[in-house]
Amino acid sequence: MPHELPKTYDPTAIENRWAEYWVKENLFAQPTPARNKELHGDSFSILLPPPNVTGNLHMGHMFEHTESDILARWHRMRGERVLWVPGTDHAGIATQLLVERQVVSEGTTRQKMGREAFEKRVWDWKQHYGGAILGQMKRLGASVDWQREYFTMSEHLSVAVREAFVRLYEQGLIYRGAYIVNWCPRCQTAISDLEVVHDEHKGHLWEIKYPVIGGDGKDSGEFLTVATTRPETMLGDTAVAIHPEDERYTHLHGKKLRLPLMNRQIPVILDEWVSREFGTGAVKVTPAHDPNDFALGQRHDLASINVIDETAHINPEGGVYAGLDRYVARKKIVEDLQAQGLLAGIKDHVHNVGHCDRCKTIVEPRLSTQWFLAVNKVPDGGDQSIAAKAIAAVKEEKIRFTPEMYKKTYLNWMENIYDWCISRQLWWGHRIPAWHCGTCRKITVARVDPARCEHCGSDKLTQETDVLDTWFSSGLLPVSVFGWPNVTEQTRADFDAFYPTDLLVTGFDILFFWVARMIMMGCWFSTDIPMADGGPRRLGDSVPFRDVYIHALVRDANREKMSKTKGNVINPIEIVEQYGTDAVRFTLASMASPGTDIAFNVARTEGYRAFANKIWNAARFIFMNLDKGAEAGITVDPAVLGGMPAVDASAPLEDQWIISELNATSADVNTALNNYRFDDAANTIYQFFWGSFCDWYVEIIKSRLDFSQTMDKKATQAALGTLVSVFETALRLLSPFMPFLTEELWHAVYDGTPPALSIALTTYPAWRSQNAGAQQKMILLQDLIRTVREERKNRDVPEKEPVPLRVLESSNRDFGIDPNELILQNGEMIKRLGKVSVISLDKSQNDAGVDLVWRTLGFTDIALVHEKKIDVAAERERLSKEIAHLEELVANGEHKLNDPVFVTKAPARIVEGARKQLAENMLALEKARAALAALPPE
Ligand SMILES: [Zn+2]
Ligand SMILES: [Zn+2]
């Protein structure tokens, strides 16, 4: 039998098959186009925010990928050259941490293994287990170009990283310097401000007395009291600062103090930065362990004494405390101060403590030598700094943010940006291409590993051990995935066609980490690649993307943030296995609008699975009729499929109507997607497919699908043709949202000989024509039919019993329509859908002894002719029970509202609700009493 379709919709059966098919057929591959064409106008390119190679798909990814995929599929079906590039990030810290834990569980450490062996081990891990998330994306049908999959540590992308580093170094924008960094003692690396999470912490404020030294070089007996949350850092103090105008301390100007425990003399310095109001107004200064103190130290030329080593133990600079863990040392220091009478007090103190985002260890601010990118420096021969360009790109609207508020967030961050610490003390990452000379101590930075020092010619070179911050390489992706730095006249086609990318869909959490860095790097490095026409690349075309869409968060059904500790994390793969990818995608899309978080509710997903099922059943009905038609020698010309049906004024009303609705729906969906209103788009399609098409059109058209001997062959063929073409068009309309279901049904429509490899490669329906008159007529008819159905229910008409319908002749022409004509002309439809036997047009509401209740519609009046047959005894009993129940409800309601405590204390809306409820119950009671009184005697 043709058009074979299993009886029940089983998403897992169809989804795996199509997911494999899409990958196998390379359907979404976008090969490098030929050059010298008008290229960019019809392209749409996006970059997948690279998930960590260690990652697994979570709901946030699924949401992001759903939005991106809907847009990618939509643009593709609109005939654009769509390229969506997938890949993974090597994720320096995360990956190293994971493999380190593995080797520790095997009884060794990375240090014992050595750098080379450990790096190899990480590569092995990556080869075997890395990128699981991409496999999950394949299963979920993301329409990316798998042939262009990238990995930030691949050879090709590493070339870009090296070139970028060397070029920036040559431009004088990379330097090495001592700086306070956030140090993770566990990961033993510097981490960026963005990788530090701050938690409120109940700690203490220790007040320590520093003896003032008198003119004789001995303790004068006076003390200056300072307060600190980290007493162990005092071992590295090199001054105490006071405000120059603090009158309490004027006499201490120029004096020295004795640093307790270390017995070192340190100066009292004057600085306006010190707040007179905070604490005692005297601040201990530890330049090596606090960013503010570091700045103070620079201003006052103070020594920086590093007293804490990379494992957070006190180093030999810490005197007798050397070797102690930082917290053990703290305890000991406090005890010693107390013993010496130098502890003025201990206060409870709640303050923010920074933790390493990866391993949760408390971060230790620490002075260390790092590599920096001078983002605010104008390079020699240049006219703008990196940050200035990145600011201009957004200020001048070369890059637009949706929601718009992120423009301000971005600019605020970029305008206050500090030099970027780009080095990390890890083994897994892009090793910095710099070599230290053992002879002259100078540095050689080179594109090719050097054999000799460029300064003195010595061959005693050792490569820098630090690697680059992961975001340094991912920041380069928009240029490096298209071949930068090796973009030549011959290889420029990708750049011509796809750069700048059109859109970036990403989360707020990596706005600064990644989005901002891509803007900095993209605007900086793409400028040396000419435009397709050979002209110079200006700012507007050097940006990495033209649009940034920041998606919201997926929360649980109670709007709570999903977290492992709360145990409310929804695993997308589990939900997909239960309801199918299409239903989950549709759930996400139907709630996605810019700036609105999603409260993910499984009940909705269940509803959308039912929606898919409804479409499946409609397809089975259509295919059954197509098969019947084939047997009767009626076929649908495939030429009527694939486009957008146009309204034919000579066609039956329902055909004109459904085609108008289809056109209107497609116009609305296209507009909604243009504005990132995924919710509007999804809900519009849902209303059309389930409501207009399945519930109305399919039901109406049933009477025209006549395959009997006496059929009007032409009319049946026309009916079948419209049915199939509307359905096929609606499938295409729905396809970006439910790619699997639509793929399956679309192939079935063509019965094995589809005009393309996939529905995803067909044309997206665009508005063509509409007949407003036909739509208005159907609104009136639907109103009438709904009222008939409601009346049948009111009058307990048995489901299968058709009843006569009386219509009052109407002179109403408000809608430019003659209602009498409309009703008589569409009698068949009303009879079928309203279960009506005959329709009569009455001149007046002449009841002629029959129990008729006339219902007034906006354009006419109607009544059903149906004698309500009732069992009087049973009805009496039912009504009596109902009355008793209502009497109780009314009494309770009155009691409640007479209670002054309730009326004054309960929230106003609760009281209002109780009042409403009481009024409703009283009305129902009145009605029930009247009905009981009206019952005829038994
Ligand atoms: Zn850490
Ligand atoms: Zn040298």
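Note that ligands are numbered from 1 as they come in the structure, with each ligand's atoms numbered from 1 the same way. Computation of the quantities below employed the complete heavy-atom set of this structure, encompassing side-chain atoms and omitting hydrogens, waters and symmetry-equivalent molecules.
Aromatic ring orientation, F512 versus W413: parallel (interplanar angle below 30°, classes split at 30° and 60°). A tilted orientation is assigned to the rings of Y129 and W125, their planes being inclined by 30° to 60°.
Centred on the Zn ion (ligand 2), the angle running from C453 (SG) to C456 (SG) is recorded as 110°, rounding to 10°. For the pair SG of C187 and SG of C184, the angle whose vertex sits at the Zn ion (ligand 1) is 110° to 10 degrees.
Residue side and main chain included, C440 places an N/O/S atom under 2.8 Å of the Zn ion (ligand 2).
For the residue pair Y321 and D336, a side-chain donor N or O sits within less than 3.5 Å of a side-chain acceptor on the partner. Donor-acceptor pairing under 3.5 Å is recorded for the side chains of D469 and W420.
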